Amino acid sequence: MLTFPFSMRITDELANLLRTALAEAERSGQLPSAGAVQPTIERPQHPEHGDYSSSVALRLARTLRMAPMAIAERIAAAVPAHDAVAGVSVALPGFINFVLADDWLARQVDAIRTQGSTYGNVEIGGRKRIQVEFVSVNPTGDLHVGHARGAVIGSGLATLLDAAGFGVQREYYVNDGGNQMRTFVDTVYARYMQAAGHDVPLPELAYQGEGPQRLAEEILREDSGRLVPLPRDEAARQLLPVVLRKVLASIRADLEQLGVRYDNWFSEQGLLVDGTFDEAMRLLGERGYLVDREGARWFTSTRLGEDKDNVVVRSGGGGPTYFGTDIAYHYDKFIRRKFERVINVWGADHHGHVARMKAVVEALGVDPDRLTIILNQIVSFKQGALAVRFSKRKGQIVTVRELVDVVGPDACRYIFLSRSPDSQMEFDLELATKQSLDNPVFYVQYAHARIASVLRMAEERAVTWDDGDTSLLRHPLEMGLVRHILVLPDVVKLAAERLEPHHIPRYAEELARAFTHFYDARDECRILSSDPADLPVSKARLKLVDSARVALARCLSLMGMTAPDRM
RNA sequence: GCGCCCGUAGCUCAGCGGAUAGAGCACUGGUCUUCGGAACCAGGGGUCGCGAGUUCGAAUCUCGCCGGGCGCGCCA
């Protein structure tokens with residue numbers, strides 16, 4: 001009898017069984033040699049096809065020149081006994097189906113509870129250093145509502161990669177070195193002087209809205225007009241760090257409200273002052289990817305198959321372009337800080353930047369596959385059937401802060417996380433704020449609160465269940481719940497491998513449903529019974545719902561949501 | 001014009017080349033006296049945008065077309 005440590009995913013165990021079976025069938029001459037094969041394990045959609053299945057026989061049919069069913073039968077016959085597996089069968093057109101053993105399933109309940117908040121972790125990252133950079137909006141005002149999606153996807157992805165065993169760093173790239181920042185500071189300066197009673201005109205292309213003005217008035221109040229007598233350039237120079245500090249503090253506070261935190265805030269300006277920019281340019285030059293033309297310096301992307309070259313240093317002493325400093329930034333990520341992988345989460349409007357950025361990384365001598373750029377499509381908002389157009393004047397939601405105030409961080413995160421970044425999603429404000437089970441956010445959290453409530457009630461009735469015997473669990477609803485709980489590690493693995501956090505909320509909903517089905521079978525599977533004879537099975541069921549609590553809480557924490565004990 | 005993303009049930013969305021394409025909402029009908037009814041069960045509803053191709057097998061891969069979004073700056 002083969003056994004594996006409980007921390008191993010059941011799908012890996014089944015794949016191993018198939019590998020063993022395949023090797024054995026080849027050794028005994030039942031099957032011709034197939035070479036190296038990685039049997040895949042799927043979860044069938046229909047329960048009559050078992051708990052897990054494999055199409056390995058279908059895939060082998062061609063190379064082995066045999067009928068798929070014959071291959072499946074010979075593999076299935078050679079599958080070694082395993083205490084997790086109650087049955088192996090074959091089905092047309094050539095599937096091998098596995099049914100898990102109830103007693104083995106029941107034993108997993110204690111194993112899951114032992115793992116607690118680490119349940120669902122998988123080891124696919126090997127502690128590899130990976131950076132997730134996201135949001136990175138110019139520090140020129142509040143985060144717009146459109147930035148919330150990238151913030152949630154980026155932070156969700158980072159948490160997921162953590163759980164998958166990567167060494168993750170969350171980073172915000174602060175664009176404090178470019179024209180936009182300068183224009184913003186100039187705008188604040190003009191507003192500052194105006195507030196101090198001086199008729200200083202706004203710069204060309206000044207930032208509109210009341211943001212710069214409010215900021216200017218605040219700074220004026222705090223520094224009592226210290227900058228008024230200074231020459232314009234000097235005043236702007238001194239104003240920049242003050243503006244930056246205030247705007248970043250506001251952005252940071254808004255993101256924290258949304259459950260988003262960073263390990264590092266990285267300054268673009270720093271790349272210029274500490275020589276990183278020059279170093280990156282030197283390397284690119286040495287490798288022959290820079291050319292001076294029309295007074296500017298260009299990166300010759302065309303050498304790497306791009307449509308056109310791109311300016312990295314402007315003509316007329318204009319300094320580096322955004323693209324130029326981004327080269328230095330990626331030089332820093334890969335060559336200075338030696339991240340093995342870098343993930344950038346960008347809005348879809350940065351699409352045009354992707355190909356040349358990959359080209360740059362390649363030009364720096366780094367495998368471009370180490371850079372992944374996730375583009376999230378734009379979000380539109382609606383209120384029930386009505387489209388919402390954002391307009392400050394109408395007093396509608398415009399900033400991330402306002403969105404979080406109205407919808408709440410949990411619902412906000414869940415909704416953004418449950419859609420693939422590729423979808424041009426619609427965010428229904430009405431549904432998101434609905435306090436009912438129409439709202440999947442509440443359905444999942446409600447299941448957790450219900451479990452907490454049952455456990456509280458057990459405590460009130462002085463039922464101790466640490467000694468519960470899970471082998472008493474055998475009802476189909478009990479087994480069904482364990483089956484669902486056991487899927488979490490595979491979901492984490494899949495989501496992390498594919499960098500797709502949206503599988504987590506889908507699974508969480510499925511798990512919540514499995515719990516609710518079990519819970520709702522009041523007659524057949526009552527957890528707390530008034531009949532003393534039911535005490536042993538009550539204790540076993542308390543352990544079962546506690547393991548469901550562990551898995552639900554883990555899902556919620558992976559999504560950066562709270563796991564409420566009461567609602 | 002070129003490039004990328006999207007098109008799946010009335011709506012919002014899942015779907016790793018595999019079995020009868022799924023979930024929630026909405027709709028229709030039904031269930032339950034104790035653990036949280038903010039519940040549960042059942043049912044109807046699909047040319048997977050259209051057309052070819054590859055494959056034992058295509059919503060999934062390839063090509064073409066249609067529709068929507070985004071991009072193609074010495075902006076970021």
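Treat the numbers as computed from the prediction; the structure is a model and nothing was measured. The figures that follow rest on heavy atoms only: side chains count, while hydrogens, waters and symmetry mates do not. We name chains A, B, ... by the order of the sequence lines, and we start the count at 1 in each one.
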Hey, does A:Asn175 reach any base, or is it just sugar-phosphate, or nothing, if we go heavy atoms under 4.0 Å? sugar-phosphate
Looking only at side-chain atoms of A:Arg522, point me to the closest of B:C35, B:C5, B:A19. B:C35
All heavy atoms of A:Leu160 vs all of A:Ala496, minimum pair found to be CD2-N, 3.9 Å
Find the partner of B:G22: check Watson-Crick (N1-N3 plus N6-O4 or O6-N4) and G-U wobble (N1-O2, O6-N3) distances, both under 3.5 Å, and reply none if neither fits. B:C13
Using the rule for Phe, Tyr, His and the six-membered ring of Trp, do A:Phe442 and B:A38 stack at under 5.5 Å and under 30°? no
Please work out if A:Glu509 contacts a base, only the sugar-phosphate, or nothing of the nucleic acid, heavy-atom cut-off 4.0 Å. sugar-phosphate
Going by centres under 5.5 angstrom and planes under 30 degrees, do the aromatic ring of A:His353 and the base ring of B:A76 stack? no
Centroid separation under 6.0 Å, is that true for the rings of A:Tyr173 and A:Tyr329? yes
Please classify the nucleic acid contact of A:Phe323 as base, sugar-phosphate, or nothing, using heavy-atom distances under 4.0 Å. nothing
Over how many whole Å does the gap from A:Ile374 atom CD1 to B:C5 atom P extend? 14 Å
Phosphate-side-chain proximity, A:Ser423 and B:A14, N/O vs OP1/OP2 below 4.0 Å: yes
In terms of relative ring orientation, are A:His353 and A:Tyr322 parallel, tilted or perpendicular, with 30° and 60° separating the classes? tilted
Over all strands shown, is A:Met425 touching base, sugar-phosphate only, or nothing at heavy-atom distances under 4.0 angstrom? sugar-phosphate
Which part of the nucleic acid does A:Ile378 contact within heavy-atom distance under 4.0 Å: base, sugar-phosphate only, or nothing? sugar-phosphate
Base, sugar-phosphate or nothing for A:Lys493? Non-hydrogen atoms, less than 4.0 Å. nothing
Side-chain N or O of A:His46 versus OP1/OP2 of B:G22: is the shortest distance under 4.0 Å? yes
Under a 3.5 Å cut-off for both contacts, is B:C48 paired Watson-Crick or G-U wobble with anything, and if yes, with which nucleotide? none
Looking across every strand, which nucleic acid part, if any, lies under 4.0 Å from A:Asp565 by heavy atom: base, sugar-phosphate, or nothing? base
So, does A:Arg314 get its side chain near the phosphate of B:A76, meaning an N or O under 4.0 Å from OP1 or OP2? yes
A:Gln180 versus A:Thr140, side-chain donor and acceptor atoms under 3.5 Å: no
Could you tell me whether A:Gln424 contacts a base, only the sugar-phosphate backbone, or nothing, with contacts defined as non-hydrogen atoms closer than 4.0 Å? base
Considering only heavy side-chain atoms of A:Val311, the closest of B:G18, B:U12, B:C74 is B:C74
May I ask you to verify whether the side chain of A:Arg526 and the base of B:U34 hold a donor-acceptor pair under 3.5 Å? yes
Fit a plane to each ring of A:Tyr289 and A:Phe299, take the angle between them on a 0 to 90° scale, and name the class: parallel (under 30°), tilted (30 to 60°) or perpendicular (over 60°). tilted
Do A:Tyr519 and A:Phe515 have their ring centres less than 6.0 Å from each other? yes
Just checking A:Glu294: base, sugar-phosphate only, or nothing, at a heavy-atom cut-off of under 4.0 Å? base
Contact class for A:Gln445 vs. all strands (heavy atom < 4.0 Å): base, sugar-phosphate, or nothing? nothing
Can you tell which of B:G17, B:G71, B:G15 lies closest to the side chain of A:Glu500? B:G15
Does A:His351 get its side chain close enough to the base of B:G3, under 3.5 Å, for a donor-acceptor pair? yes
Does B:G71 have a Watson-Crick or wobble mate here (both distances under 3.5 Å), and if so which one? B:C2
With a 4.0 Å cutoff (strictly under), does any side-chain N or O of A:Arg62 reach OP1 or OP2 of B:C56? yes
Side-chain donor or acceptor of A:Thr321 under 3.5 Å from a matching atom on the base of B:A76? no
Quickly work out the A:Phe518 CZ to B:G36 P distance and round it to whole Å. 14 Å
When the ring planes of A:His46 and A:His49 are compared, do they come out parallel, tilted or perpendicular, using 30° and 60° as the limits? perpendicular
